[in-house]
Amino acid sequence: MTVVTRFAPSPTGFLHIGGARTALFSYLYAKRHGGKFLLRIEDTDRERSTQAAVDAIFEGMAWLGLHADAEPVYQTQRFDRYKAVIAQMLEAGTAYYCYCTKEELEQMRNEQMARKEKPRYDGRWRPEPGKQLPPVPAGVQPVVRFRNPAHGKVVIRDLIKGEIVFDNAELDDLIIARADGTPTYNFCVVVDDMDMGITHVIRGDDHVNNTPRQINIFRALGATPPQYAHVSMILGADGAKLSKRHGALGVMEYRAMGFLPEAMLNYLVRLGWSHGDQELFTRQEMIEKFDLDHVSASPARFDMEKAYWVNHQYLKTAPLHAVVPEFDWHLRRLGLDPAQGPAIEDVIRAQRERCRTLLEMAEKSRFFYAELSGYDEKDAAKHLTAESADLLEALVGILAALPAWTATSLHAAITGFAESRGLGLGKVAQPIRVAVAGMAVSPPIDQTLFLLGRERTLARLAAAVRYVRGQS
RNA sequence: GCUCCUAUCGUCUAGAGGCCUAGGACGGAGCCCUCUCAAGGCUUAAACCCGGGUUCGAAUCCCGGUAGGAGCGCCA
C-alpha cells in the first residue's frame with residue numbers, strides 16, 4: 001500500500017511555524033515511504049477563509065520547498081460530493097435531522113455546565129426504535145447530525161502517542177451539515193481523507209479529540225480509517241501557547257529575519273524529532289531518516305537561539321547557489337542595488353562565517369553597495385583620531401601606488417606599513433575599517449578593501465582624513 | 001466541571017530494565033587563537049516532577065499525586 005499523507009490548513013491566516021512543521025512531517029513521511037504528499041485547503045468556513053490566506057500558505061510552502069504531489073484540493077469545490085454522502089447517510093440511518101435551534105442548544109449547554117457536566121447534545125432528535133420524536137417545529141431549517149454509536153469504545157493506535165481509548169458514551173452526535181446545508185469540518189475531513197486515499201493523517205494534537213468521531217464516521221461509511229499520528233504543539237520561548245497575539249509568526253517572517261529555507265526546515269525537523277545525536281540534516285537525509293517512532297509526544301518550545309545557530313551552520317556551508325538568491329532578496333529589501341558593488345558571491349564568501357542571518361549579512365554588507373551615511377559614533381571616536389588620520393593619509397599614497405589590487409598585495413602592503421611604523425596590525429586595520437565600512441566590524445581588512453575596490457577605498461580613506469581634520 | 005494528552009540540564013533532545021558516574025546540541029562561564037566581528041580548539045557548570053509499587057536491578061514498566069496543555073461550536 002502506498003503511503004499518502006496530506007497537509008490540510010484552513011486559510012484563515014499565514015502559514016505559521018506549527019503548520020509548517022506538521023506539513024514537513026507529513027511531507028517527509030510520504031517521501032520516506034515513496035508515497036505521495038497532498039495538499040487540501042479546508043475553506044468550508046466562508047466567513048473566515050480568504051484568498052489572501054490561501055496565497056500566503058502557498059507562498060510559505062513554496063519558499064520551504066514543500067511541494068505537493070498533486071493539485072491542491074479545495075473543500076468548497078466538493079460540496080456536491082458532501083451533499084451526496086449526507087443524503088446517503090440519511091438514507092442509511094447513520095445521520096438524522098435535528099430541529100434544535102441555536103438558542104435551545106445554547107441553553108442546553110449552559111444547564112449542563114451549571115450541573116458540572118460535559119456540555120453535549122442530548123440526542124433529543126436522535127431516532128431510536130420505539131422512540132417518539134418531538135413534533136417538527138414550523139419554520140426551522142434542520143441541521144443534520146451524525147448518529148454516533150451509543151456504546152463501545154474507539155481505540156486509536158496513534159503512531160506518536162500510542163494507544164488512546166475513547167468511550168463512545170463520551171461522544172455526542174455532532175452536526176455534519178448546517179441548517180443552510182453546508183457541511184462541517186469533521187465530516188468533510190472524513191469524506192476527503194477517504195476520497196483522497198489518505199493512509200496516514202499527521203496533524204496537530206489539538207485534533208485528538210476529533211479523531212474518535214472521525215473514525216466513527218469512517219465506519220458508518222463503510223470505509224477503513226487511516227492511521228493517525230498526532231504531533232504536539234509548538235510553544236513560545238516562555239512556554240506559553242503560540243498565538244497571533246503571542247509570537248506566532250508566519251514562515252515568511254522568518255525569511256525576512258534572514259533565515260534560509262533549508263535551515264528553517266532543519267530547525268523544525270529537530271523540534272520534536274530526533275535521530276540519535278544528529279543535529280544537521282540535508283533534505284535527503286531527513287527523507288531517509290525521518291520516522292514517527294522518534295517524534296516526541298510532548299510539546300516543544302521554539303528556541304530562537306538554536307534556530308539562529310542552525311541557520312548559521314547553513315549560511316557557512318550551503319552551496320552558494322542556494323544563498324545567492326536569498327541574499328540578493330535581502331539586499332534589495334534594504335534598498336541596495338547588488339549591481340552597485342562587488343559580486344554577491346564574493347561578499348557571501350567573506351561574510352558567511354560571521355553572520356547568523358542573511359539580514360545581518362545584508363546590513364553588515366551595506367557599505368559595499370552604498371556610500372557611507374556616516375560613521376558609528378563610538379567607533380569613530382575610538383579609531384578616527386588625529387594620529388590615525390596621519391596613518392590613513394600615508395596609506396592613501398601607498399595603496400594608490402599598489403600595482404595590483406588583490407587581497408594578497410593589500411595584505412602585504414598593510415602589514416608592511418604597520419611594521420614600518422612599529423605598530424601592531426590592529427592599530428592600522430581598525431582605523432581603516434571605520435573609514436571604509438563606517439564601523440569597526442568587517443571581514444579581514446585585506447578582504448574588505450579588495451572587495452570594496454581601489455576607487456572606493458581611496459575615496460573613503462581620504463574622506464576619513466578630512467573628517468578628522470575638519471573636526472578639530 | 002468532564003474527556004483526552006504530556007512530564008530528562010534554562011532550551012531542543014538521546015535513552016525501549018542493567019551499556020547511566022544520565023550522552024549530544026543550543027545557550028552560559030572560563031581559557032587558547034586573533035587586525036575587528038566571527039569562526040575554530042579546549043575546559044566547565046547544569047536535568048531524570050513527587051510518592052508508592054513490580055523487579056536481583058527503574059530515567060525506562062504499573063498505580064496515585066502534582067504541574068502544564070488540548071478539546072468539549074451550525075470554527076477548522
Side-chain angles (χ1 to χ4, degrees), chain A residues 8-12 42-45 47-49 75 98 100-102 105-106 109 112-120 141-145 156 158 161-162 164-167 170-172 174-180 182-186 188-189 204-212 230 232-233 235 237 239-241 267 270-280 293-294 296-310 312 316 351-356 364 379 383 411 414-415 418 424-430 432-434 437 439-446 448:
Chain A
S10 63
T12 54
E42 309 219 320
D43 53 356
T44 51
D45 184 351
E47 305 264 300
R48 300 197 304 160
S49 301
Q75 291 189 324
C98 166
C100 283
T101 61
K102 288 183 183 181
L105 258 16
E106 177 78 9
R109 270 192 283 272
Q112 287 162 333
M113 296 280 248
R115 270 182 270 130
K116 305 202 168 186
E117 283 167 19
K118 180 175 179 170
R120 60 209 300 281
Q141 277 296 316
V143 300
V144 177
R145 285 185 186 270
I156 305 166
D158 191 278
K161 292 179 184 287
I164 307 173
V165 182
F166 286 88
D167 206 315
E170 289 296 331
L171 274 23
D172 62 359
L174 75 159
I175 291 172
I176 59 176
R178 303 180 180 95
D180 66 4
T182 57
T184 62
Y185 169 74
N186 278 295
C188 295
V189 166
D205 75 356
D206 47 338
H207 288 287
V208 293
N209 291 286
N210 290 324
T211 309
H230 288 97
S232 61
M233 40 182 248
L235 273 20
K241 186 188 174 176
Y267 177 72
R270 278 289 290 108
L271 205 55
W273 175 74
S274 62
H275 183 76
D277 286 338
Q278 189 171 350
E279 296 287 351
L280 270 9
D293 295 345
H294 292 85
S296 167
S298 54
R301 301 187 191 201
F302 190 95
D303 181 3
M304 207 58 186
E305 288 301 320
K306 178 90 176 255
Y308 279 140
W309 176 80
V310 173
H312 190 190
K316 283 196 298 184
Q351 296 281 38
R352 64 197 316 182
E353 224 163 54
R354 60 203 82 241
C355 302
R356 298 200 300 176
K364 285 183 174 170
D379 292 341
H383 299 293
H411 184 78
I414 295 167
T415 50
L425 222 203
K427 292 283 180 208
V428 178
Q430 285 305 78
I432 300 177
R433 221 173 227 116
V434 178
M439 57 191 168
V441 175
S442 86
I445 201 66
D446 49 0
T448 302

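This one's a predicted model, so the numbers in the text were calculated from it and none came from an experiment. Both backbone and side-chain heavy atoms feed into the values below; hydrogens, waters and symmetry mates do not. Proteins come first, then strands; the chains are lettered A, B, ... in the order of their sequence lines, and each starts at number 1.
- Note on A:V165: only backbone sugar-phosphate atoms sit closer than 4.0 angstrom, heavy atoms only; bases stay farther off.
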Side-chain donor-acceptor pairs of residues 271-278 of chain A under 3.5 Å, sequence neighbours excluded:
unit_1 : atom_1 : unit_2 : atom_2 : d
A:W273 : NE1    : A:D291 : O      : 3.3
A:W273 : NE1    : A:D291 : OD1    : 3.0
A:Q278 : OE1    : A:K289 : NZ     : 3.1
A:Q278 : NE2    : A:L280 : O      : 2.8
A:Q278 : NE2    : A:E285 : OE2    : 3.2

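- Here the side chain of A:E42 pairs no donor or acceptor atom with the backbone of A:Y185 at under 3.5 angstrom.
- Looking at heavy-atom distances under 4.0 Å, A:P9 makes no contact with the nucleic acid at all.
- Heavy atoms of A:C98 sit nowhere under 4.0 angstrom from any nucleic acid atom.
- At a threshold of 4.0 angstrom between heavy atoms, the contacts of A:E170 are confined to the sugar-phosphate backbone, with no base atom among them.
- Within the shown strands, nothing qualifies as a pairing partner of B:G57 under the Watson-Crick or G-U definition with both distances less than 3.5 Å.
- In this structure, A:W273 places its CH2 atom 12 Å from P of B:U13, rounding to the nearest Å.
- Nearest to the side-chain atoms of A:R354 among the listed nucleotides B:A38, B:C12, B:A76 stands B:A38.
- Nearest approach of A:V208 to A:I156, heavy atoms of both residues: O-CD1, 4.4 Å.
- Across all strands shown, B:C33 has no partner, as no Watson-Crick or G-U wobble contact with both distances under 3.5 Å is found.
- Straight-line distance from the CH2 atom of A:W309 to the P atom of B:A38: 18 Å, rounded to whole Å.
- Rounded to a whole Å, the CZ atom of A:R352 is 13 Å from the P atom of B:G40.
- Side-chain atoms of A:R356 do not come within 3.5 Å of backbone N or O of A:H312 as any donor-acceptor pair.
- At the phosphate of B:C74, OP1 or OP2 sits under 4.0 Å from a side-chain N or O atom of A:R109.
- Under 4.0 angstrom from either OP1 or OP2 of B:C35 there lies no side-chain N or O belonging to A:R433.
- For B:U6, neither phosphate oxygen OP1 nor OP2 lies less than 4.0 angstrom from any side-chain nitrogen or oxygen of A:S296.
- The phosphate of B:C26 (OP1 or OP2) has no side-chain N or O of A:H312 nearer than 4.0 angstrom.
- Summarising the geometry of A:V189 relative to A:Q75, their closest heavy-atom pair is N-NE2, 4.2 Å, with the distance given to 0.1 Å.
- In a base pair of the Watson-Crick type (N1 to N3 plus N6-O4 or O6-N4) or a G-U wobble (N1-O2 and O6-N3), with each distance short of 3.5 Å, B:G28 is matched with B:U44.
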Taking N or O atoms only and anything under 3.5 Å, show me the protein contacts with nucleotides 68-71 of chain B, one pair per line.
unit_1 : atom_1 : unit_2 : atom_2 : d
B:G71  : O4'    : A:N209 : ND2    : 3.4

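- Side-chain proximity of A:E305 to the nucleotides B:C12, B:G27, B:A7 is greatest for B:G27.
- Looking at heavy-atom distances under 4.0 Å, A:A440 makes contact with a base.
- A close approach under 4.0 Å does occur between a side-chain nitrogen or oxygen of A:K316 and OP1 or OP2 of B:G40.
- For the pair A:Q278 CD and B:G23 C1', the computed distance is 16 Å after rounding to whole Å.
- Among A:T44, A:D43, A:T182, the single residue meeting the side chain to side chain contact (heavy atoms under 4.5 Å, CB included) criterion with A:C188 is A:T44.
- Separating the CG atom of A:D277 from the P atom of B:C26 is a distance of 12 Å, rounded to the nearest angstrom.
- Pairing partner, B:G17: none, since no Watson-Crick or wobble contact has both distances short of 3.5 Å.
- A sub-4.0 Å separation between OP1 or OP2 of B:C37 and a side-chain N or O of A:S442 is absent.
- When the P atom of B:C5 is taken as reference, atom CD1 of A:I156 falls 9 Å away, rounded to whole Å.
- Contacts of A:I445 with the nucleic acid, taken as non-hydrogen atoms under 4.0 Å apart, include base atoms.
- Atom NZ of A:K306 and atom P of B:U13 are 9 Å apart (whole Å).
- Residue A:K102 is classed as a base contact, given a heavy-atom separation below 4.0 Å to a base.
- When every heavy atom of A:A440 is checked against every heavy atom of A:R433, the shortest pair comes out as O-CD, 3.4 Å.
- Ranking B:G1, B:A76, B:U36 by closeness to the A:K116 side chain, first place goes to B:G1.
- With A:S296 contributing its side chain and A:S298 its backbone, the two residues share a donor-acceptor pair below 3.5 Å.
- B:G41 atom C1' lies 14 Å from atom CD of A:E353, rounded to whole Å.
- Nucleotide B:U6 has B:A67 as its partner under the Watson-Crick or G-U criteria, with both atom distances under 3.5 Å.
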